[in-house]
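Letters A, B, ... mirror the listed sequences (proteins, then strands); counts begin at 1.
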Amino acid sequence: MSTPLDDIRFLADSANRVRAIEALAESPRTRPELRDETDASAATVGRTLSAFEDRDWVAREGNRYVLTSLGTYVASGFSDLHDRMRTAHEHEALFPHLPLEEVNLDAGGLADVRVTVPTETNPMAIVTRIREIARRSTHQRDLSYHFSEPCIDAHHRAVLDGAQTYEIVVPRTALEAEMGSNCAAQLEELVSADRCSMYLYDGDIPYSWGVGDGHVLFVVKDDRMVSAGMVETDDPVAVERFTETYEEYRERSTLLTAEGLDEEWGHEMART
Amino acid sequence: MFISVPSVQDTMSAPLDDIQFLADSANRVRAIEVLAEEPQTRAELRDVIGASAATISRTLGAFESRGWVYRDGNRYALTPLGTYIAGAFADLHDRVRTAHDLDGLFPWLPLEAVGIDADSLIGARVTVASEENPIAIATRIREVELRSIRSKSLASYFPEPCIDSRHRAVTGDTQTFETVITPPVLEAAMSLDCATKFEELVSAASCSIYVYDGDIPCAGMVNDGTVLLVVEDDRNSTVGLIETDDPVAVECFTETFEKYRTNATLLTPENLAGERDYEVART
């Protein structure tokens, strides 16, 4: 008598069987079609189909083989697991650094996310992607340990164009760093803009996150605080949790006004 | 131990290898399940799994080398990667376990009739007749009918034991009961010894019986957040019961119930009297 684990092993033991059941899940297939798709011999395909029939996963309709409702049920579960295992392998480097409380890994989790990683040919991949999102959001809230130049630039344009409402919570120290830079003027305009609210947090923010338009993005840092990758997800649970964390920090922060900016950093800006 | 050689070198190998690595050993699966609940010491793992110290060591070593587990003092815990993998594997395992529980019932599941997906049945409670318990199905139905507080049922049949159970629960003030039946079911109920009990159900304030002039595709009910489906084979023999509290299944069944109810006529003492006279006139 086979156990549930036997069934899983039966599939996992053979890449051909997996390909066969995945092909059948797409649509009924004839033997020749399965031979093509799996690159296996006629004998192997024959054995596989017999084994599937024994388990009531497949029924024969003329010269086509069709997944039964049981077969569809098992196949879809196996495909899910297979996809998630592939995801795990693809993004192995990111896993140790994922914010587990906020990102729900249990139910499907990472299989539905988009991951951007810096590569040799595209070392700026993360920044490029962040800019892209910053330009296109209609409502964005960022919680970050810094407010980098590309971001300031992108949000400045979007907010002043009237296309975006923007909020950001950053450490006070982070803003200080930017006020002496090239984008000081843009920062000042953002602070003064109706559709932008900047909050200063007196302490460390160990994240680089954004929530907006039902979309979450977070930069994953490795042990050396280097960006290992950026993960994006539309999972509503993640959106809720990130929003909660954002609001916690915002409540403990101070809204920066144009006057406040001037008072604190007027002398800084006068220098540039 | 068999080592399978991949016939084609491709990106399929490594992920599939991991699935195979787990599926190959019930001990490994149990170990990762238990670790997913909370961190474990070696001793605890040995107790729960019932394997030797050497096996536990090998398993933990293999998990560690895959980055699934890390050591925290004398406890072992799942890493984020391990948590992810454990969750994914558990989902498939639950699904296939349910398929085994459902056994021969799968072809007969009234999924389309009720608008439910097989996915909603993962972890469902299955009742079938067995040698040790040949009346398991009838027993379970009676138990559910007596104990439910709020019950809505689609009844393609309403035999005497069911009328009796519902009567007891409704007149005992422990149940609010709504059911949709068909004309043949009504006729049958009125011609049985328990016709009086049936009439009392019709008159009861906390009971509503509707007659749908057509076919009801399956027998099922939703009781206090649990859907119960009667599974019949192609000869209309009841072969099993499935119960699930999956919220999607509950919603789908309730929608289906409402669809039939709104197209049915409420049975009242008045129009029942008409039916009774008709019956009397016939005999």
Give a yes or no on whether B:D234 atom CG has more than 12 heavy-atom contacts from other residues, nucleotides or ligands under 6.0 Å away. yes
Against chain A, work out which of B:I122, B:D117, B:L111 has the most heavy-atom pairs shorter than 4.5 Å and name it. B:I122
Heavy-atom pairs under 4.5 Å with chain A: which of B:L102, B:L109, B:V96 has the most? B:V96
Carboxylate-amine/guanidinium contact B:D91 A:R84, below 4.0 Å: yes
What are the two closest non-hydrogen atoms of B:V230 and B:P110, and how far apart are they? O-CG, 3.9 Å
Smallest separation among heavy atoms of B:C252 and B:I116, with atom names: CB-CG1, 3.9 Å
Is chain B contacted by the side chain of A:T68, its backbone, both, or neither, given a heavy-atom distance below 4.5 Å? neither
Under 4.5 Å to a heavy atom of chain B? For A:E92 that would be side chain
